[in-house]
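Because the structure is a prediction, the values reported are computed rather than measured. Just so we're on the same page: letters track the sequence lines, and every chain starts at 1.
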2 protein chains.
Amino acid sequence: MLKLSTKGRYGVKAMFDLAQHMGEGPTSLKSIAERQGISEHYLEQLVSGLRKAGLVKSVRGAQGGYLLGREPDKIKIGDIIRVLEGPIAPTDCVSEEDPEICSKAEFCVTRAIWEKVRDSIADVLDSITLETMLEDAKKIESERNLYMYYI
Amino acid sequence: MLKLSTKGRYGVKAMFDLAQHMGEGPTSLKSIAERQGISEHYLEQLVSGLRKAGLVKSVRGAQGGYLLGREPDKIKIGDIIRVLEGPIAPTDCVSEEDPEICSKAEFCVTRAIWEKVRDSIADVLDSITLETMLEDAKKIESERNLYMYYI
DNA sequence: TTATATCTTATAAAAACACTCGGGATTTGT
DNA sequence: ACAAATCCCGAGTGTTTTTATAAGATATAA
């Protein structure tokens with residue numbers, strides 16, 4: 001059903017949480033899990049992948065935790081999704097990574113549709129960065145304060 | 001992984017096959033299954049849903065089969081996908097059909113992303129009709145003949 | 001009446017999903 | 001030195017979804 005699994009959703013939430021706590025030293029998985037309502041052990045698995053991909057850096061030991069691997073404007077949502085859910089591929093024959101070439105590919109009219117779907121998804125996910133999200137959150141916050149003021 | 005299941009893929013293939021054989025009387029599932037390389041029994045289940053949704057009409061008995069439920073330019077790929085895979089919903093909280101409203105929805109920055117993904121998928125699928133596909137197929141066919149000529 | 005089809009329901013293997021658990025390694029503060 | 005906090009790693013598990021398969025009932029053309 002063109003659904004995202006919890007991996008992708010939790011992963012984006014966790015990364016955004018990290019972005020929101022930049023400059024406060026390492027953020028522990030425990031605190032992320034609590035704030036975002038995610039199982040800590042499960043989150044561990046996801047973050048493990050993100051670390052191997054360089055999207056986060058880890059600090060071990062007490063008071064340790066995680067930091068963003070690079071500046072928030074250099075981390076696209078598409079980067080996160082691809083690490084956690086694999087290449088974007090509405091069907092195997094149009095996967096971003098080694099697609100399964102079928103013999104009729106060049107004449108296949110349905111294939112052309114899935115390619116468009118893939119590209120439209122990738123375009124959205126690659127147009128949004130953690131920085132974008134921080135800006136959006138700030139905007140929503142200020143609009144909310146404005147609303148409170150009028151009450 | 002934002003994947004389509006075989007239901008959606010087989011369904012679109014079958015509908016396109018029906019469109020290509022318009023005007024030849026009812027097309028049997030057996031012939032569609034053979035041409036498209038799909039299990040006939042499995043296809044039966046899918047077409048059952050399409051019939052209930054009015055996208056195809058059935059003719060029972062010997063020499064029976066299926067016909068498009070309406071003109072090919074009135075059948076969007078999105079219609080087919082929604083019948084076979086359910087409402088477009090990268091996450092439950094942004095489903096086209098009764099989304100699961102969460103208490104933080106209005107402040108949720110991640111939710112806004114999934115909404116954009118949903119809309120971009122829907123836009124692509126609703127911009128293509130069976131008629132469009134027939135035109136594309138014709139174009140590919142004539143380009144292919146042109147190519148053959150030069151050899 | 002026979003062959004050809006659609007229709008309906010039931011069953012089931014296999015894969016994916018969403019965790020859960022147990023233990024090990026590393027660092028900080030006492 | 002030790003305890004607590006934290007990251008790290010791999011295996012195991014119950015549930016759901018997917019992808020069919022099978023069996024039989026119903027309808028119609030020839």
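One interatomic measurement links the two molecules: OH of B/Tyr42 to P of C/dA12, which rounds to 19 Å at whole-angstrom precision. For the pair B/Gln45 CD and C/dC7 C1', the interatomic distance rounds to 11 Å; values are reported in whole Å. In this structure, B/Lys13 atom NZ and D/dT19 atom P are separated by 14 Å, rounded to whole Å. Here C/dA5 presents its P atom at 14 Å from CG of B/Leu43, a figure rounded to the nearest Å. A/Ile38 places its CD1 atom 17 Å from the P atom of C/dC17, with the value rounded to the nearest Å. Regarding A/Asp92, its CG atom lies at a distance of 10 Å from the P atom of C/dA16, rounded to whole Å. When rounded to the nearest whole Å, the span between CD of A/Glu40 and P of C/dG22 equals 15 Å. Atom CG of A/Leu2 and atom C1' of D/dT18 are 15 Å apart (whole Å).
Backbone-only contact: A/Val59 has heavy atoms under 4.0 Å from sugar-phosphate atoms and none from a base.
One finds no side-chain N or O of B/Tyr10 lying less than 4.0 angstrom from the OP1 or OP2 phosphate oxygen of D/dT18. In this structure, A/Arg51 does not reach the D/dC7 phosphate: none of its side-chain N or O atoms is under 4.0 Å from OP1 or OP2. Not one side-chain nitrogen or oxygen of A/Thr6 sits closer than 4.0 Å to the OP1 or OP2 atom of C/dC17. OP1 or OP2 of D/dC7 has not a single side-chain nitrogen or oxygen of A/Ser28 nearer than 4.0 Å. For D/dC8, the OP1/OP2 oxygens have a side-chain nitrogen or oxygen of A/Ser58 closer than 4.0 Å.
Taking the side chain of A/His41 as heavy atoms from C-beta on, and the options C/dT8, D/dT26, C/dC21, the nearest nucleotide is C/dC21. In the set D/dC7, C/dT20, D/dT19, the nucleotide with an atom closest to the side chain of B/Lys7 is D/dT19. Across C/dT8, D/dC9, D/dT19, the shortest atom-to-atom separation from the side chain of A/Lys52 is found for D/dC9. Checked against D/dT6, D/dA20, D/dC8, the side chain of A/Gln63 finds its nearest nucleotide in D/dT6. Listed nucleotides D/dC7, D/dA4, C/dC7 differ in distance to A/Ala62; the shortest reach to its side chain belongs to D/dA4. Nearest nucleotide to the B/Ser39 side chain, out of C/dT6, D/dT21, C/dC19: D/dT21. Ranking C/dT6, C/dA18, D/dC7 by closeness to the A/Glu44 side chain, first place goes to D/dC7.
Ionic pairing of A/Glu115 and A/Arg111 is present here: one or more N-O contacts between side-chain nitrogen and carboxylate oxygen are shorter than 4.0 angstrom. Between A/Lys116 and A/Asp123 there is no salt bridge, since no side-chain nitrogen of the basic residue lies less than 4.0 Å from a carboxylate oxygen of the acidic one. Ion pairing between a basic and an acidic side chain is recognised when a charged N comes within 4.0 Å of a carboxylate O; B/Lys74 and B/Glu131 show no such pairing. Using a 4.0 Å cut-off between charged nitrogen and carboxylate oxygen, B/Asp92 and A/Lys3 count as a salt-bridge pair.
Projected onto DNA chain C by closest heavy-atom contact, B/Lys30 and B/Ser48 fall at different nucleotides, the more 5' of which corresponds to B/Lys30.
On a pure distance criterion of 3.5 Å, a polar donor-acceptor pair joins the side chain of A/Arg60 and the base of C/dA25.
Atom CD of A/Glu40 has more than 12 neighbouring heavy atoms from other residues, nucleotides or ligands inside a 6.0 Å radius.
If you run side-chain contact (heavy atoms from CB on, under 4.5 Å) between B/Leu55 and each of B/Leu84, B/Leu68, B/Val47, B/Val83, only B/Val83 comes through.
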